[in-house]
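A short worksheet on the structure shown next.
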There are 2 protein chains.
Amino acid sequence: MARRSATGRIGIADVAVKAGVSHATVSRVMNGNFTVDPDIASRVRAAAAELKYQPNPVGRSLALGKTDTIGIVVPDLANPTFQAILRGLSRAAAQDGYRVLIADSFEVSSEETILAGEARRRCDGLVLCAPRMSDAELEEIAPSLHPLVLINRTSAAANVPTLVVDYGQGVQDLAEHLVDLGHTRLAFLAGPPRSASNGMRLQGLEAFKAAHPHVDVRMLEGGSDFDTGHEAVDAVLESGATGILAFNDLVAMGLMSGLHERGMDVPGDISVTGFDDIPFARYTTPALTTAAVPITELGEQAWHQLRALIRKEENDAPGSRYQPRLQVRASSGPAKAPRSTVHG
Amino acid sequence: MARRSATGRIGIADVAVKAGVSHATVSRVMNGNFTVDPDIASRVRAAAAELKYQPNPVGRSLALGKTDTIGIVVPDLANPTFQAILRGLSRAAAQDGYRVLIADSFEVSSEETILAGEARRRCDGLVLCAPRMSDAELEEIAPSLHPLVLINRTSAAANVPTLVVDYGQGVQDLAEHLVDLGHTRLAFLAGPPRSASNGMRLQGLEAFKAAHPHVDVRMLEGGSDFDTGHEAVDAVLESGATGILAFNDLVAMGLMSGLHERGMDVPGDISVTGFDDIPFARYTTPALTTAAVPITELGEQAWHQLRALIRKEENDAPGSRYQPRLQVRASSGPAKAPRSTVHG
DNA sequence: GCGACCTGAGAAAACGCTTTCTTGGGCAAG
DNA sequence: CTTGCCCAAGAAAGCGTTTTCTCAGGTCGC
């Protein structure tokens, strides 16, 4: 009856007809414009309610030039870190009436640029987690993404708030912790080679090595997931290290699992530390010593920064730096007498 | 120079001017319409490239009546189950060029209805995970959500594919497993009272009790997260049960953690089973016996069902039922001699 | 050589909304 | 009683696309 022909959905025109007013008046009523006669307003509201009219957000977005939606690009939705960022972002944005559109690049850095652009065009702003993207490319696209917040990347582009976790400091804290426990042979189970946060960890380790020339710190190739850690068990054992700094909690858990299969005791034989303090880190056996990152809060902050940009507010603190907090649990313990290295 | 005044972004009009053609021709070229002269086409493409023109998706959506976006409503983004569904959905949809808009209801069932409606209007279809919503309300809103796929809920509404996990069968399999190990006193650590999937588990347990009148099955109140399991430790010990069926893996992990703190041995003193087989279930200590649900695949299937609806394809199999697979690990073991009940 | 057909590109309408512009009517002041 | 103002509501112009409609020019056939 009142169905529109084209889309089949109820439109503003149907309400206007039913209430005997113009489209404009319906729009005014729906948007709480008070320059409309109360009688007419209630007539419109009645008509809208009866037809169960709901404004079409697409038409609205086109007219208003905003979508009330923000985008987030993540490299891997299976990674608890990005899940947590997404959660914090989504919750904070929802409180201001914004929704979140997700774009998962599945670790393909070439996709990140395209996805970011596409997502940005559909949204009012973008949160970008693109650890593998080259600096050059980032600088290239950053301006076109403008209401943009970066996570764990810095950019020279103007007006791009940056939320970074101080991985360098975190890994130093963990290394110090192991040294305090008497470990003198450490190994860093690295993350993906081109990862920005891995770079920060490496820088931190350089600083650490400079400050502790007597400590042997080996670098081992790795990755960012559980399997990586599990597969690295041989390399770890060969290294002869007694204190292992895993790239993150996932890798640490994989490594502990592998070590357990080899009959090694953690922390009796080897101490293992993670990074991030994902929810499950408390519940591994042994519970994982790690550097806690307030990651959900980071997602929340990302929204606040983005909101300021969208609202064109002055932002006195464009971005912030998060200091990981050393979280000592049972996976790290006193070094025992140095084991002999299997090779070399 | 070529910037449009209103939004500041490059529009189709700018390209048209630069290429010396009409808006319509630019549109034709951008959409690969071959009725346009090759020379003109390349001139348009050159102009578009030079201006870095990218069509505005909002305008496009309005004209086309589609957004290339689907929505998903989840009760809790912190729950690994929904994270996995989201992941599977997002990946599958991305392969067909669709994006995913997320709406987290934060377990507030009254929000679910509103969120679902809003999300649906912005998208071409919706995946709804609303375990707490009443059946009545679901039936009420289902038609208006139409390209709609339900997860772990059934609906009488026409054309609503339903993807359900057979929690009833899964919990029976787990109970059988415990009985086979010699347990005669079981306890079910229930999920949220109004949860649909909890209801399915309860039905399964009724069937189990009917088939095994000699087995004592206690019902304990619970919830769906880690803390719930952790807090339930007293109730579990009081129940005197030696085989515990936790609502899900999270609850089971919390319970095991609590039991460990109490000095109880799993599975020596008490066997614990979970449900879902979340990624971390393999890595708890002891590794968790659970009922594995191919949850990421379920998200993927949700997309396929939704896609069929969006494309108005005939769908011979509207929905499917997933059978959990018993995954025996170390958290379940032979019953030891019955413990005495603390109370009663 | 002229008319019918066809092709290719511009003009304009449509998508569903918001908002500016316009207009008519009521009221107050001169 | 007339003139000017103000206010409320309708008309219309966007927002940025796609797509239909229209028309001009060229080609082919007779």
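Protein chains get the first letters and strands the later ones, always in sequence-line order, with residue 1 at the start of each.
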Gap between atom NZ of Lys52(A) and atom CZ of Arg9(A) - 0.5 Å precision = 13.0 Å

Could you give the CG-to-C1' distance, from Asp37(B) to dG25(D), as a whole number of Å?
-> 14 Å

Using a 4.0 Å heavy-atom cut-off across all strands, classify Val58(A) as base, sugar-phosphate, or nothing.
-> nothing

Note, Leu89(B) side chain near Tyr98(B) side chain (heavy atom, < 4.5 Å) | no

Length of the CD1-P vector between Ile40(A) and dA9(D), whole Å | 4 Å

Working for side chain to side chain donor-acceptor pair (under 3.5 Å), residues Gln301(B) and Ser320(B) | CA-CA 9 Å; Gln301(B) 267 304 313; Ser320(B) 31; 4.8 Å; no

When you measure from the side chain of Ala24(A), which nucleotide among dA8(D), dA12(D), dG8(C) comes out closest?
-> dA12(D)

Which one, dG10(C), dT18(D), dC17(C), comes nearest to the side chain of Pro55(A)?
-> dC17(C)

Side chain of Leu64(B) only, please: which of dT18(C), dT19(D), dA9(D) is the nearest?
-> dT19(D)

Per nearest nucleotide of DNA chain D, the residue lying toward the 5' end, Arg60(B) or Gly20(A), is Gly20(A)

Could you give the CG-to-P distance, from Asp14(B) to dC15(D), as a whole number of Å?
-> 11 Å

Exceeds 12 heavy-atom contacts within 6.0 angstrom, atom CD of Glu140(B) = no

What's the CZ-C1' distance between Arg122(B) and dC17(C), to the nearest Å?
-> 13 Å

Which whole-number value in Å describes the distance from Asn33(B) CG to dT17(D) C1'?
-> 15 Å

Pairwise 5' ranking along DNA chain D for Phe34(A) and His23(A), keeping only the more 5' one = Phe34(A)

Calculate the interatomic distance between Ile10(B) atom CD1 and dG16(D) atom C1'; express it in whole Å.
-> 13 Å

May I have the distance from Met30(A) (atom CE) to dC17(C) (atom C1'), rounded to whole angstrom?
-> 11 Å

Send over the distance from Lys66(A) NZ to dG16(D) C1', rounded to a whole Å.
-> 18 Å

Using only side-chain N and O atoms of Asn56(A), determine if any of them is under 4.0 Å from OP1 or OP2 of dC15(C).
-> no

Does dA9(D) have OP1 or OP2 sitting under 4.0 Å from an N or O in the side chain of Ser22(A)?
-> no

Does Ser27(A) make a side-chain N or O approach to OP1 or OP2 of dC17(C) shorter than 4.0 Å?
-> no

Tyr53(B) side-chain N/O to dT17(D) phosphate OP1/OP2 under 4.0 Å | yes

Flag if over 12 foreign heavy atoms under 6.0 Å of CD, Glu314(B) | no

Give a yes or no on whether a donor-acceptor pair under 3.5 Å exists between the nucleobase atoms of dG8(C), that is its base, and the side chain of Arg28(B).
-> no

Taking the nucleotide of DNA chain C with the closest heavy atom to each, which residue, Leu62(B) or Pro38(B), is nearer the 5' end?
-> Pro38(B)

